[in-house]
There are 2 protein chains.
Amino acid sequence: MNADKIRARVEGFSEVCRQNGIKTTHQRSVIYRELVETDEHPDVETIYKRVKLKIPEISLDTVYRTLRLLEEKGIISRLGSHTERTRFDANADQHHHFVCTQCGLVSDFYSEELNAFPPPKAVNTVGVVHAVHVEMKGICNACAEAHGE
Amino acid sequence: MNADKIRARVEGFSEVCRQNGIKTTHQRSVIYRELVETDEHPDVETIYKRVKLKIPEISLDTVYRTLRLLEEKGIISRLGSHTERTRFDANADQHHHFVCTQCGLVSDFYSEELNAFPPPKAVNTVGVVHAVHVEMKGICNACAEAHGE
DNA sequence: GTCGCTGCAAATTATTTGCAGCGTA
DNA sequence: TACGCTGCAAATAATTTGCAGCGAC
C-alpha cells in the first residue's frame with residue numbers, strides 16, 4: 001500500500017468507527033495504524049510488541065479484543081480463514097475449496113484452468129510458484145434456502 | 001472421491017507408510033481411513049470421536065500425533081495453511097497472497113482476472129460465490145538464493 | 001453522565017510432550 | 001529382538017472472559 005493510501009486510512013479511522021457504531025479509542029487507533037502501516041501480515045504477539053512501544057501500559061487482551069472486533073466489523077481480515085479449529089483433508093489430488101461463510105461448510109472442486117493459471121508478473125518478482133490454491137467464499141444452497149424461507 | 005478411489009487409497013496405505021519410513025499401525029490405518037472416507041474435512045475432535053468407535057482405547061493425542069505425522073509426510077493436508085499463529089491484514093482492497101513455504105513470508109498481489117474468474121459449474125451446484133481468494137505457494141527469492149548458494 | 005472500553009488476573013481451549021510398556025517390521 | 005508407537009497425565013501456547021475503574025461521546 002502506498003503512503004497516501006495509508007494516511008487516508010489512518011485519518012479515516014474514527015469515521016469508520018462511527019459508521020460501525022464503536023468508539024474510537026487511543027488503543028484502537030494505534031493498533032489499527034500499526035496494521036495499516038505494514039504489509040507483513042503480523043501475528044497478535046508482534047502487533048502487541050509494536051503497540052506497546054507507543055502505549056506501554058496496553059494489555060495483550062486489548063490487542064486480541066480489538067483485532068477481533070475490527071475483524072467482525074470487516075475493517076481488517078485474518079489470513080487463511082483461521083476462525084475455527086484445524087481441519088484436515090486426505091484428498092491428495094490438486095483441488096480447490098468452496099467455503100460457506102454462513103455455516104462453514106467446505107467442499108472440494110476441481111479446475112484445470114485454475115491449476116494452470118499463470119502467476120501475474122508481480123508474483124514472479126517475489127518468488128517461484130509451485131502450487132495454486134483457490135478458495136471461493138459464498139453461501140451454500142442449504143444456507144440460502146434456510147435464509148430465503 | 002468415488003468408492004473405488006477410496007478403496008485404493010485405504011489399501012495402499014501400508015505401502016505409503018513403507019515409502020515414508022513410518023510404521024503401519026492399527027491406529028494410523030483407522031485414522032487415515034476415516035479421513036479418506038469422508039469429504040467433510042473434519043477437525044481433530046471429530047476424527048477422534050469417530051475413530052474411538054472402532055478403537056475405544058485410542059487417545060486424543062495419538063490422533064493429533066498421527067495427523068501431524070501424515071501431514072509432514074504429505075499424505076494428508078490441513079485446511080487454510082493453519083500451521084502458525086493467526087495473522088492479520090488491514091488491506092481492504094480485494095487481493096491475493098503469495099506464500100513462501102520455506103520462510104512463511106506472505107505477500108499481497110492483485111489480479112483482475114482472478115477476481116473475476118468464473119466459478120466452475122461444479123461450484124454453482126453447491127452455492128453462490130461472493131469472493132475469490134487465491135493463494136499461490138512457492139519459494140520466495142530470498143529463500144531460493146539462500147538455498148542456491 | 002452513561003455505557004462501552006480497558007487492564008488485570010484467572011479461565012478455557014487447542015495442542016504438545018515425557019515416560020514406560022507394547023506391537024510392528 | 002529392536003526401536004518406533006501408544007496411552008496416560010501433565011505441560012504449553014493461544015485465546016477468551018469476569019470485574020471494577022476510566023474515558024469517549
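Since we're looking at a predicted model, the values are computed, not measured. Letters A, B, ... mirror the listed sequences (proteins, then strands); counts begin at 1.
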- prompt: Tell me, which pairs form a salt bridge (Lys or Arg N to Asp or Glu O under 4.0 Å) where one or both residues lie in residues 17-30 of chain B, sequence neighbours left out?
  reply: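 Only Glu15(B)-Arg18(B) qualify under salt bridge (Lys or Arg N to Asp or Glu O under 4.0 Å).
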Could you check how far [atom1] of [X] sits from [atom2] of [N], rounded to whole Å?
{"X": "Asn20(B)", "N": "dA25(C)", "atom1": "CG", "atom2": "C1'", "answer": "16 Å"}
{"X": "Glu72(B)", "N": "dT16(C)", "atom1": "CD", "atom2": "P", "answer": "10 Å"}
{"X": "Ile55(A)", "N": "dT6(C)", "atom1": "CD1", "atom2": "C1'", "answer": "11 Å"}
{"X": "Gln27(B)", "N": "dG4(D)", "atom1": "CD", "atom2": "P", "answer": "17 Å"}
{"X": "Gln19(B)", "N": "dA25(C)", "atom1": "CD", "atom2": "P", "answer": "14 Å"}

- prompt: In terms of side-chain heavy atoms, does Asn115(B) have a donor or acceptor partner in His95(B) at a distance below 3.5 Å?
  reply: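 On atom types as modelled, these side chains do not qualify, holding no pair under 3.5 Å.
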Tell me whether the OP1 or OP2 atom of [N] has a side-chain N or O from [X] closer than 4.0 Å.
{"X": "Thr62(B)", "N": "dT6(D)", "result": "no"}
{"X": "Arg18(B)", "N": "dT24(C)", "result": "no"}
{"X": "Tyr64(B)", "N": "dT16(C)", "result": "no"}
{"X": "Thr86(A)", "N": "dA14(C)", "result": "no"}

query: Can we say Glu72(B) and Arg68(B) salt-bridge, meaning some charged N sits less than 4.0 Å from an Asp/Glu carboxylate O?
result: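 Salt bridge between Glu72(B) and Arg68(B), a charged N being under 4.0 Å from a carboxylate O: yes.
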message: Taking the basic N atoms (NZ, or NE/NH1/NH2) and the acidic carboxylate oxygens, is any pair closer than 4.0 Å for Lys52(B) and Glu57(B)?
response: no
statement: With sugar-phosphate taken as primed atoms, P, OP1 and OP2 and all else as base, the protein-contact string of nucleotides 17-25 of chain D at under 4.0 Å (heavy atoms; B, S, -) is BB----BBS
field: Leu67(B) and its side chain to side chain contact (heavy atoms under 4.5 Å, CB included) partner, picked from Asp43(B), Val44(B), Ile75(B)
entry: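 Exactly one pass, corresponding to Val44(B).
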field: Linked hydrophobic residues, Phe98(A) as query - side chain contacts closer than 4.5 Å
entry: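 Once heavy-atom contacts under 4.5 Å are chained together, Phe98(A) belongs with Leu105(A), Phe109(A), Leu114(A), Phe117(A), Val123(A), Val126(A), Val129(A), Val132(A), Val134(A), Met136(A), Phe98(B), Leu105(B), Phe109(B), Leu114(B), Phe117(B), Val123(B), Val126(B), Val129(B), Val132(B), Val134(B), Met136(B).
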- prompt: Checking all strands, does Glu45(B) fall into the base, sugar-phosphate, or nothing category for heavy-atom contacts under 4.0 angstrom?
  reply: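 Contact class for Glu45(B): none.
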